[in-house]
Amino acid sequence: MGFADQRFNVNLSILFTELPLLERPAAAAAAGFTAVELWWPWIETPAPEQSELDALKKAIEDAGVQLTGLNFYAGQLPGPDRGALSVPGEESEKFRANIDVAIAFAQSLGCTTFNALYGNRVDGVDPAEQDALALENLVLAAQAVGRVGGTVLIEALNQPESPKCPIVSAPKAIEIVDKVNEATGLGNAKFLMDLYHLSMNGEDLPSVIEQYAAKTGHVQIADNPGRGAPGTGSLPLEDLLDQLTKAGYDGWVGLEYKPGDKPSAEAFEWLPREARAAR
């Protein structure tokens, strides 16, 4: 057991950001990784020009890495936004316009896993209205993803860094997962268990794993404090991933941490090179 027994991918929206987007897949490959994930790269638009989509597809293919996860359009991320699907008006409309675009792009690369970030509370809007809109949009996304045999992920963020987001605990994220699955009957909504966010919320991580591993569709890690690489903080990430494995989780573990003040290529010293290629 241990890090060497996990299937890691690199999140190219937080690592290798010192490079242009189209150079990041090759940089991840040069560091020894064979799988990557992405936040929606075009923060201004849900439907970029086909040439832009094609260029990113080619960069991923040319690097020889596999795209294993993609966020739907989520607004300014990184930035003030935490998703779009619960935000009435233009942002919600952008989320809907993005569903088929994101699915087509990801599916062209063999990826069928999509993170649907909920979004912040909006001043002057009834939270119940936002929640109803969110469920409606998540059902649309789950149905669309279901047509390609895919999964929609619901992620819990953390209260200190995302004070306006209502999904800031594992139980709340699971509640949304269950509501979406009940509404669609598809069972393809899953929990995105980000151990950094949950630790920032002060949650009992072993208990979260015990309770929710079976409903988890993806795991992401960073150490705490600092959101750096494993070993830069105090989280027992190796032990927690072992517990997830014992609980039956055999999916990807996304490396979604900050490289600190050094180049991203130097932020993987905690993981032997021979353990970086997916098995």
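Keep in mind the model is a prediction, meaning the values are calculated, not measured.
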Examine the side chains of [X] and [Y] and answer whether a donor and an acceptor come within less than 3.5 Å of each other.
X    : Y    : value
E49  : W42  : no
D131 : Y118 : yes
T112 : Q107 : no
T245 : Q6   : yes

Take L271 and F8, measure what side chain to side chain contact (heavy atoms under 4.5 Å, CB included) needs, and give me the verdict at the end. CA-CA 10 Å; L271 184 64; F8 291 109; 3.7 Å; yes
Do the side chain of [X] and the main chain of [Y] share a donor and acceptor less than 3.5 angstrom apart?
X    : Y    : result
T216 : M193 : no
Q243 : P206 : yes
D223 : G231 : yes
T232 : R227 : no
E203 : A170 : yes
R7   : V253 : no
N181 : N188 : yes
N201 : L157 : yes
Y249 : V219 : yes
R96  : N137 : no

Side chain to side chain contact (heavy atoms under 4.5 Å, CB included) between Y257 and Y196: does it pass, once the steps are laid out? CA-CA 9 Å; Y257 59 79; Y196 167 75; over 6 Å; no
Does any non-hydrogen side-chain atom of [Y] lie less than 4.5 Å from one of [X]?
X    : Y    : value
T113 : T68  : no
E266 : P263 : yes
F268 : R276 : yes
L205 : S199 : yes
L240 : I221 : no
W39  : N115 : no
M200 : Q159 : no
L138 : V180 : yes

With a 4.0 Å cut-off, would you call [X] and [Y] a salt bridge?
X    : Y    : answer
E210 : K246 : no
D178 : K215 : yes
E175 : K172 : yes
D62  : K57  : no

Using the rule that two of Ile, Leu, Val, Met, Phe, Trp, Tyr join whenever any of their side-chain heavy atoms come within less than 4.5 Å, decide whether [X] and [Y] are in one cluster.
X    : Y    : result
L192 : L244 : no
L21  : L70  : yes
L133 : V152 : no
L85  : V122 : no
V101 : L117 : yes

What's the shortest heavy-atom distance between [X] and [Y], and which atoms?
X    : Y    : result
I167 : E155 : CG2-O, 3.5 Å
N158 : H197 : ND2-ND1, 2.8 Å
P88  : E129 : CG-OE2, 4.2 Å
T34  : A278 : OG1-N, 2.8 Å
D81  : E91  : OD2-OE1, 4.5 Å
A267 : A229 : O-CB, 3.7 Å

Quick one: pull up [atom1] in [X] and [atom2] in [Y] and give me the separation to the nearest 0.5 Å.
X    : Y    : atom1 : atom2 : value
L135 : K179 : CG    : NZ    : 7.0 Å
F114 : N71  : CZ    : CG    : 10.5 Å
E37  : L255 : CD    : CG    : 8.0 Å
L56  : L12  : CG    : CG    : 8.5 Å
I209 : L198 : CD1   : CG    : 9.0 Å
K94  : T45  : NZ    : OG1   : 7.0 Å

Heavy-atom count around E182 CD within 6.0 Å, excluding the residue itself: above 12? no
More than 12 heavy atoms of other residues, nucleotides or ligands under 6.0 Å from NZ of K58: yes or no? no
Throw together a table of side-chain donor-acceptor distances under 3.5 angstrom for residues 142-151, partners on residues two or more places apart or in other chains.
none

Do the ring centers of [X] and [Y] come within less than 6.0 Å of each other?
X   : Y    : result
F33 : W252 : no
F72 : W40  : no
Y73 : F95  : no

Residue pair V65, I60: steps toward the side chain to side chain contact (heavy atoms under 4.5 Å, CB included) verdict: CA-CA 6 Å; V65 294; I60 292 171; 4.0 Å; yes
State which residues pass salt bridge (Lys or Arg N to Asp or Glu O under 4.0 Å) with E238; sequence neighbours excluded, sorted by chain then number.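 None.
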What's the verdict on side chain to side chain donor-acceptor pair (under 3.5 Å) for S13 and E256, showing C-alpha distance, side-chain angles and the deciding distance? CA-CA 8 Å; S13 299; E256 198 185 56; over 6 Å; no
Could you walk me through whether C165 and R121 satisfy the side chain to side chain contact (heavy atoms under 4.5 Å, CB included) test, starting with their C-alpha distance in whole Å, then the side-chain angles of each, then the deciding distance to 0.1 Å, before giving a yes or no? CA-CA 6 Å; C165 179; R121 289 300 192 210; over 6 Å; no
